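Down below is the structure, laid out as C-alpha cells.
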Number of protein chains: 2
Amino acid sequence: MAKVDFSPIADTTRRAEIVALLRRAILTGQLAPGQKLNELRISEQMRVSRAPLREAMRELVQEGILTSIPYAGTFVIEVTAKDIDDAYSFNKVMDELAIERAWPLRDQRFFDELDRRHEAVKQATRALDTTRQIETALQLHGLIYEWADNSVLLETWQRLTSRLQMYFALHQHARNEPVPAEDVHETYVRLLKGKDMRAAQRHAREHIDLDFEELLAYARGLEQRPSRGA
Amino acid sequence: MAKVDFSPIADTTRRAEIVALLRRAILTGQLAPGQKLNELRISEQMRVSRAPLREAMRELVQEGILTSIPYAGTFVIEVTAKDIDDAYSFNKVMDELAIERAWPLRDQRFFDELDRRHEAVKQATRALDTTRQIETALQLHGLIYEWADNSVLLETWQRLTSRLQMYFALHQHARNEPVPAEDVHETYVRLLKGKDMRAAQRHAREHIDLDFEELLAYARGLEQRPSRGA
DNA sequence: GACAAGCAGATTGTCGACAATCTAACAAGA
DNA sequence: TCTTGTTAGATTGTCGACAATCTGCTTGTC
C-alpha cells in the first residue's frame with residue numbers, strides 16, 4: 001500500500017471561506033481600523049446569506065480583530081499605541097520562552113523548515129510584495145512556537161500573529177515605502193542554528209525592538225490627530 | 001449634576017445569554033469533555049432558534065472550550081494530560097511576568113481588591129460550594145493580570161482561565177471530595193502585599209505546582225483507560 | 001458469511017423573511 | 001435657541017424552512 005501523507009481536506013463550509021476572506025481583508029488593511037462592516041452589503045457582495053457571514057464575524061470577534069456592539073454593528077478594531085506596545089512587550093517575553101522550549105527540540109527537520117521559510121521571505125522581498133513579506137516573516141518567526149511543543153503557547157502566538165500582521169500592514173500602508181532590500185533575518189536564522197541559546201534570545205528581543213520602535217512612533221503619531229470622520 | 005459611574009448596560013442579545021449559559025455548563029462539568037452538542041435539542045430547551053445558538057457556539061469554539069467539525073458537530077474539547085501540562089507550564093511563566101509587571105503598580109485599591117477576592121474564596125470554601133470556590137480562586141489569581149496593565153497579557157490569561165476552570169472542575173467532579181478546609185491562599189496574598197517580589201513569584205510557581213500535580217495525575221489516569229462510549 | 005450499493009433518518013449548513021433596535025432628521029413647545 | 005417627542009429609514013437580531021451532508025442500516029450479490 002502506498003504510504004501517502006494526505007493533508008486534511010479543505011473546509012467546505014461557506015463560513016470558513018468567509019472567515020478567510022474577511023481576515024485577509026483586515027490583515028492587509030483593505031478594511032481600515034474602526035470601519036464598520038455592513039452585513040447586508042458584504043453578504044450581497046459575497047453572494048452569501050447573512051447567517052454564515054455573521055457566524056464568521058463572531059469568530060473574528062473572538063480572534064480579536066473585530067469588535068461587536070449589539071444592535072450597533074461590528075467594527076474592525078481600533079489600533080492604539082498602547083495596544084501595539086502591549087503586544088510588543090508581551091511578544092518579547094513569549095519569544096524568550098518559545099526559544100527556550102524549542103531549543104533542545106531542534107533537529108534536521110527544524111533547520112530545513114527554517115531555511116524554507118527564510119527563503120520564502122527573501123522571495124517575497126525580491127518580488128516587492130510587502131503583504132506577503134510581512135506574512136512570511138511572521139511565519140518564519142512562528143517556527144520556534146511550532147517547535148516549542150506547547151499547544152497553549154502556540155495558540156497564543158497564533159492569536160497574537162493576527163494583530164501583529166495587522167499592525168505591520170498598517171505601518172507599511174501608511175508610509176508606503178519600498179521594502180528593505182537587505183536581509184534582516186539572516187542573523188536570526190544563523191543564531192537559531194547555532195549553539196548559544198542566550199544569544200538567540202537576545203537577538204530576537206533586539207530584532208523585534210527595531211521593527212516595533214518605528215511602528216510605535218507611527219501609532220503615537222496617529223493618536224495626536226485622531227483619524228476618524230464621517 | 002450628580003457624578004455617578006454608570007456601568008455599561010448588560011448585553012441584551014440572546015446570543016450573549018446563550019454564551020454565558022453554555023460556558024457555565026461546560027466549565028462546571030455539566031457538559032462532559034467530548035460530548036456532542038445537538039443544536040436542535042439545545043435550541044428547543046432554551047426556547048431559542050438555532051441562529052443565535054450557532055453564533056454562540058462559534059464564539060466558544062474560538063474561546064477554545066468547544067471544537068467544531070463541519071457537518072459532524074460541535075463538541076466539548078477533550079482533555080489530555082498534555083493539554084493540562086501545557087497550560088500549567090505556560091501559566092507558570094505568565095504568572096512570573098504578571099507579578100513582575102503588576103508589582104510596581106500595586107496601590108491601596110489593589111490591596112483592597114486582593115482582600116475582597118480572598119474573602120470571596122474563603123466564603124465559597126465555608127459554603128462548601130466547590131464550583132464557586134474554583135471560580136473565586138481563579139479570580140483572586142487573576143488580579144495580578146488585571147493590574148499588570150497589559151491588554152494582551154490579560155486577554156491571554158482570560159482565555160487560559162476558561163480551560164483551567166474546566167480542568168479543575170473535572171478534577172473536583174471526579175474525586176468528589178470535600179473542599180480543603182485550610183486556607184491555601186493565605187501565603188499568596190501575604191506575599192503579594194509584601195516587599196519581596198521574587199518570593200511572590202516563587203510561591204506562585206510552587207503553589208500552582210501543588211494544584212496541578214494532582215490534576216495531572218488524574219488526567220494521566222484518564223488516558224490509561226480511555227473513557228468514551230455510546 | 002463478507003462486502004459493496006443504496007436507502008432512510010438525523011443533523012448540520014444555508015437561506016429568505018420578519019422583529020427589535022438604533023440613528024438621525026424633523027417638528028413642537030418652553 | 002435649546003430641549004424634547006416623534007417618526008421614517010436603515011441595520012442588526014432572530015426565526016422557521018429548506019438544502020447539503022453524514023451515519024447506520026438494510027438489501028442484494030458473490
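As a basis for the values below, the full set of heavy atoms in this structure was taken, side chains included, without hydrogen atoms, waters or symmetry mates. From a predicted model like this one, the values you see are computed outputs, not experimental measurements. Quick note on labels: first sequence line is chain A, next is B, and so on, each numbered from 1.
Rounding to whole angstrom units, NZ of residue A:K36 and P of D:dT11 are separated by 7 Å. When rounded to the nearest whole Å, the span between CZ of A:R15 and C1' of C:dC15 equals 15 Å. Straight-line distance from the CG atom of A:L37 to the P atom of D:dA10: 20 Å, rounded to whole Å. Between the P atom of C:dC15 and the CZ atom of A:R47 lies a distance of 12 Å, rounded to the nearest Å. If you measure from atom CD1 of B:I69 to atom P of C:dT11, you get 16 Å, rounded to the nearest angstrom. A straight line from CZ of B:F75 to P of C:dT12 spans 8 Å, rounded to a whole angstrom.
Listed candidates were C:dT12, D:dG13, D:dT11. Nearest to the side chain of A:E39 is D:dG13. Of all nucleotides listed (D:dT11, D:dG13, D:dT14), D:dT11 comes nearest to the side chain of A:N38.
Between the side chains of A:T130 and A:Q172, no donor-acceptor pair is found at a separation under 3.5 Å.
Between B:E44 and B:R41, none of the side-chain N atoms (NZ, or NE/NH1/NH2) sits under 4.0 Å from a carboxylate O, so this pair counts as no salt bridge. Salt bridge annotation for B:E55-B:R14: absent, with no cationic side-chain nitrogen under 4.0 angstrom from a carboxylate oxygen. For the pair A:E59 and A:R54, the salt-bridge criterion is not met [side-chain N within less than 4.0 Å of a carboxylate O].
Less than 4.0 Å separates DNA chain C from at least one heavy atom of each of the following residues of residues 54-66 of chain B: B:R54, B:R58.
Counting non-hydrogen atoms under 4.0 angstrom, B:L53 reaches nothing in the nucleic acid.
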Report, one pair per line, the protein and nucleotides 16-22 of chain C atoms (nitrogen or oxygen only) whose separation is under 3.5 Å.
none

Take B:D149 and A:K82 through the salt bridge (Lys or Arg N to Asp or Glu O under 4.0 Å) test and state the conclusion after the steps.
-> CA-CA 10 Å; B:D149 189 37; A:K82 176 144 198 329; 3.4 Å; yes
